[in-house]
Amino acid sequence: MTLKIYNTMSCKSEEIIPGLTQDVSSGKSHPVTIYSCGPTVYSYAHIGNFRTFLFNDFLRRYLKFRGFRVDHAMNITDVDDKTIAGAARDGVTLKQYTEKYTDIFFEDLKTLNIESVEHYPKATESIDAMIDIISRLEKKGIVYEKEGSLYFSISKYERYGRLSNVESREIKSGARYDADEYEKDDVRDFALWKASKPGETAWDTPWGKGRPGWHIECSAMIRKIFGTTIDIHTGGVDLIFPHHENEIAQSEAAYDETFVRHWIHVEHLLVDGAKMSKSKGNFYTLRDLLDRGHSPRSIRYLLITSHYRKQMNFTFEGITQADQALERIDNLIVRLKDIRKTAPPGADAGSLADQFIDRFTAALDEDLNISGGMGALFDFIHAANALIDREAISIDDAQLILDVLKKIDSVLGVIFFTESGTRVDEARIQGLLDERTRAKKERNFARADEIRDSLLAEGIILEDTKEGTRWKIRK
RNA sequence: GGCGCCGUACCCAAGUGGCAAGGGAGAGGUCUGCAAAACCUUUAUGCAGCGGUUCGAAUCCGCUCGGCGCCUCCA
């Protein structure tokens, strides 16, 4: 079995083969090199942003599950028009302003159980690499200057437009374009380096003081961190044009080698059937949802379990359905931990587990078909419940099933999601359970119900089974 | 106007030529002092509509209708 993922450049699913164009003489297996477009730290990221960042996490986790090593970078854009404007508005330095939102962003990643990646380069710390690219482009005569800003000349780069697959983009009649770019030679030309206004944060360059254009940072960071062609570049679909197209143009023109082999783009999250916008009132940050009482775990589940290449419509009903699905998983774990029967492991649990892993892997190998993978998971849960019902399961079998769930959860990150929530006093609860069992034996149902109700009020759900009473925390 | 995606049950959602996965909700059942919870069973002769290709179509082709995105800062 091989892992295939859709490549926006070729318009088809292609196998992931790390380091195909890198030095293969070392004999050591190459890590999959990944670059993901990260946030611009000018405000709170919204749940649409997090769909993409959760996808990056899922991709990374699945690659590791499949035995690849990964070397993953995600940039922090800490200088652009919005961050400069925000800092000015708040009367703080650019650095103070962006550090605040960078910290918030990392907190949100942690909340969503997103793994740290190997590199988090910042635009403001990659200026030297940007200058290197622009210098090379200048020597090749691809750069021109207008009023202190440097532009990339599309007409000098014949291969432009392969990613977005459009010969020459036509500007929609009546479309606006930025006032500060109206003096470009060609509307498609883009700024590599912008002249700074007095008082703005600026960097010294061979061309005078200024600040980076938007696209240059990704090209620079990839060069700086990985040196050469990378395996995978990810981002939202809105970045295909012009951002990624421009990255390709400047990098390949500067270094005369393939920039990225595999382009992966995540479709947009819609809310109530439409793109999020503040004016429509359907704009949510992660914290907005948490404030409404939704758990990070449910949000992660919801955003991760729909296919990355399909638009996803976010609704509050969807979160509720995610909650229910998670509860079904949790309930199996509660039952498994309640198994007391000692016996040698039966063949059933082992073969179920193997079948499950095979089905899960086969599904995800086909362009990360998460729905197929989740189908396999729930079938497995169903089969495990059936084993428990037949009492055909020992402690060792139960442990084997738990281990398989842990293995799958290295990809999903939702099953054993740790939440720093309510700490419970297990001994006290067990004491109350024992008291209730005695009360029931004495047919003192009033006392038994009183205990049940008071625990429920604390968020503890009691489950009476043939073997006795067990409890779980209400989610 | 240009480029592209999507339409599968009450809701969400796989399936790209061979008996329509899975989750939620609903209904029935098991268990229980009663409940709850849990588990089990069940729910589309049907895949937006109309034609066509084929022994066979949700799947391929054409047309129609409907929804959405990008083309402009954007994940």
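Hydrogens, waters and symmetry mates are skipped; everything else that's a heavy atom, side chains included, is used. Chain naming here is simple, since letters A, B, ... match the order of the sequence lines and numbering starts at 1 in each.
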### Task
Provide, to the nearest angstrom, the distance between the CG atom belonging to A:Leu412 and the C1' atom belonging to B:G22.
14 Å

#### Entry: Whole angstrom value for the distance that separates C1' of B:A25 from CZ of A:Phe316
19 Å

### Task
Remember a base hit wins even if backbone is also touched, and classify A:Gln311 as base, sugar-phosphate or nothing at under 4.0 Å, heavy atoms.
base

### Length of the line joining A:Glu463:CD and B:C31:C1', which is rounded to integer Å
12 Å

### Query
Out of B:G33, B:G23, B:A38, which nucleotide sits closest to the side chain of A:Lys472?
B:A38

### Message
Heavy atoms only, 4.0 Å cut-off, all strands: where does A:Asp80 land among base, sugar-phosphate and nothing?
### Response
nothing

### Interatomic distance at P, B:C63 relative to B:G69, whole Å
24 Å

### Query
So what does A:Lys440 hit on the nucleic acid, given a heavy-atom distance under 4.0 Å: a base, only sugar-phosphate, or nothing?
base

### Nearest-angstrom distance, P atom, B:G15 to B:C6
11 Å

### Query
How would you label the contact of A:His382 with the nucleic acid (heavy atoms, under 4.0 Å): base, sugar-phosphate, or nothing?
sugar-phosphate

### Task
Ignoring hydrogens and angles, answer whether the base of B:A13 and the side-chain atoms of A:Ser371 contain a donor-acceptor pair closer than 3.5 Å.
no

### Query
When you measure from the side chain of A:Asp464, which nucleotide among B:A75, B:C73, B:A35 comes out closest?
B:A35

### Query
Relative to each other, are the rings of A:Phe190 and A:His215 parallel, tilted or perpendicular (30° and 60° limits)?
perpendicular

### Task
Under 4.0 Å between any heavy atoms, over every strand shown, what does A:Asn369 touch: base, sugar-phosphate, or nothing? Just pick one.
sugar-phosphate

### Query
With both distances kept under 3.5 Å, what pairs with B:A14, Watson-Crick or G-U wobble?
none

### Query
Which value, in whole Å, describes the distance between the P atoms of nucleotides B:G22 and B:U43?
11 Å

### Message
Tell me which nucleotide, if any, is Watson-Crick or G-U wobble paired with B:C19 when both distances must be under 3.5 Å.
### Response
none

### Query
Can you find a donor-acceptor N/O pair under 3.5 angstrom joining the side chain of A:Asn444 to the base of B:G33?
no

### Query
Do side-chain atoms of A:Arg300 reach the backbone of A:Asn113 as a donor and acceptor pair under 3.5 angstrom?
yes

### Query
For A:Ile304 and B:C12, what is the distance between atoms CD1 and P respectively, to the nearest whole Å?
21 Å

### Query
Has A:Phe50 got its ring stacked on B:A75, by the test of a centre gap below 5.5 Å and a plane angle below 30°?
no

### Query
Which nucleotide, B:A75, B:A25, B:A37, lies nearest any side-chain atom of A:Asn49?
B:A75

### Task
Using a 4.0 Å heavy-atom cut-off across all strands, classify A:Leu456 as base, sugar-phosphate, or nothing.
nothing

### Query
When the distance from CG of A:Leu377 to P of B:G22 is rounded to whole Å, what number comes out?
13 Å

### Query
When all nucleic acid strands are considered with a 4.0 Å heavy-atom cut-off, which category describes A:Gly235: base, sugar-phosphate, or nothing?
sugar-phosphate

### Query
So, A:Glu327 and A:Lys472, do they make that salt bridge, N to O below 4.0 Å?
yes

